[in-house]
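Presented below is the structure to which this report refers.
Numbering of ligands and ligand atoms starts at 1, following listing order.
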Amino acid sequence: MSEHTPAGRLIVLTGPTAVGKGTVEAKLRADHPEVWVSVSATTRQPRPGEVNGVNYWFLTEDEFLAKEQAGEFLETAVVHGMAHYGTLLKPVEEHLAQGVPTILEIDLQGARRVKQRATELGLEVVYVFIAPPSFEELKRRLIGRGTETPEQQARRLETAKVELAAEGEFDVTIVNNTVDQAAEDLWHVIAKEYGL
Ligand code: 5GP
């Protein structure tokens with residue numbers, strides 16, 4: 001199989017801030033280590049416990065813009081008006097070419113950008129939306145995790161409202177009621193796409 005005929009469809013996972021995407025992904029990976037989640041580049045500061053090359057590639061703005069200029073990204077976005085985020089194209093193509101179930105966890109702008117470029121890049125994609133049980137629950141989770149200042153929380157909630165309105169653009173919605181159930185639902189999507 002050539003590098004340009006991926007075996008399975010790329011899984012693009014999007015959902016509003018604090019919906020629990022990271023936790024769902026961690027559970028999925030613990031249960032199914034054969035899944036690969038792309039490591040994005042970002043210019044935001046690492047949170048306590050985050051490791052370079054594991055959670056993100058933490059880059060300076062200059063480093064990020066140089067890679068963008070060099071065409072190394074599948075997509076990029078400025079998220080919450082704060083920091084650059086981007087998916088590096090090469091590792092995604094390599095994993096897909098090897099038939100590895102491949103997931104991007106990116107924001108709505110990024111998902112839309114992938115949609116625009118998918119045909120040109122010969123990528124087949126399934127778009128998955130992770131939704132909270134309700135907006136109130138999302139607010140509770142965001143405030144509860146306590147990793148953002150009140151000002152950052154307010155900005156993230158504004159972004160979340162916009163993202164929630166875009167659910168209809170996705171192929172599949174998974175409601176994150178519990179981590180176990182959401183991870184299981186996500187696995188079913190992947191298993192179907194990759195014939196596992
Ligand atoms: P956080 O700063 O909480 O890790 O992530 C903030 C937002 O950035 C999340 O909505 C996450 O999905 C998004 N994000 C993470 N990596 C990427 C990426 O490579 N591209 C895009 N477009 N968004 C990303």
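- Close approach of ligand 1 to R47 (heavy-atom distance below 4.0 Å) involves ligand atoms 1 (P), 2 (O), 3 (O), 4 (O).
- Here is the list of ligand 1 atoms found below 4.0 Å of a heavy atom in G110: 22 (N).
- Inclusion of T76 in the set of residues having an N or O under 3.5 Å from an N or O of ligand 1 is not warranted.
- Short contacts between ligand 1 and E75, defined as distances under 4.0 Å to a heavy atom of the residue, involve ligand atoms 18 (C), 19 (O), 20 (N), 21 (C), 22 (N).
- Interface atoms of ligand 1 facing R44, defined by a heavy-atom separation under 4.0 Å, are 1 (P), 2 (O), 4 (O).
- Ligand 1 has a nitrogen or oxygen under 3.5 angstrom from a nitrogen or oxygen of K21.
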* side chain to side chain contact (heavy atoms under 4.5 Å, CB included) evaluation trace for T87 with F73 -> CA-CA 5 Å; T87 304; F73 289 114; 5.5 Å; no
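- Taking every heavy atom of V79 and a limit of under 4.0 angstrom, the matching atoms of ligand 1 come to 7 (C), 8 (O).
- Between V24 and K27 there is no side-chain heavy-atom pair separated by less than 4.5 Å.
- Between atom 17 (C) of ligand 1 and the options A18, G15, S40, the minimum heavy-atom separation is to S40.
- Between H95 and W36, the ring planes are parallel. Angles under 30° get that label, and only those over 60° would be called perpendicular.
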* **Steps toward side-chain hydrogen bond (donor to acceptor under 3.5 Å, both in side chains) verdict (T147, R145)** => CA-CA 6 Å; T147 48; R145 80 178 178 189; 3.2 Å; yes
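- Nearest-heavy-atom check against atom 24 (C) of ligand 1 across I106, V78, N55 picks out I106.
- The shortest contact between atom 6 (C) of ligand 1 and any protein heavy atom is with Y85 OH, 3.7 Å.
- Under the 4.0 Å criterion applied to side-chain N and carboxylate O atoms, E75 and K115 are not assigned as salt-bridge partners.
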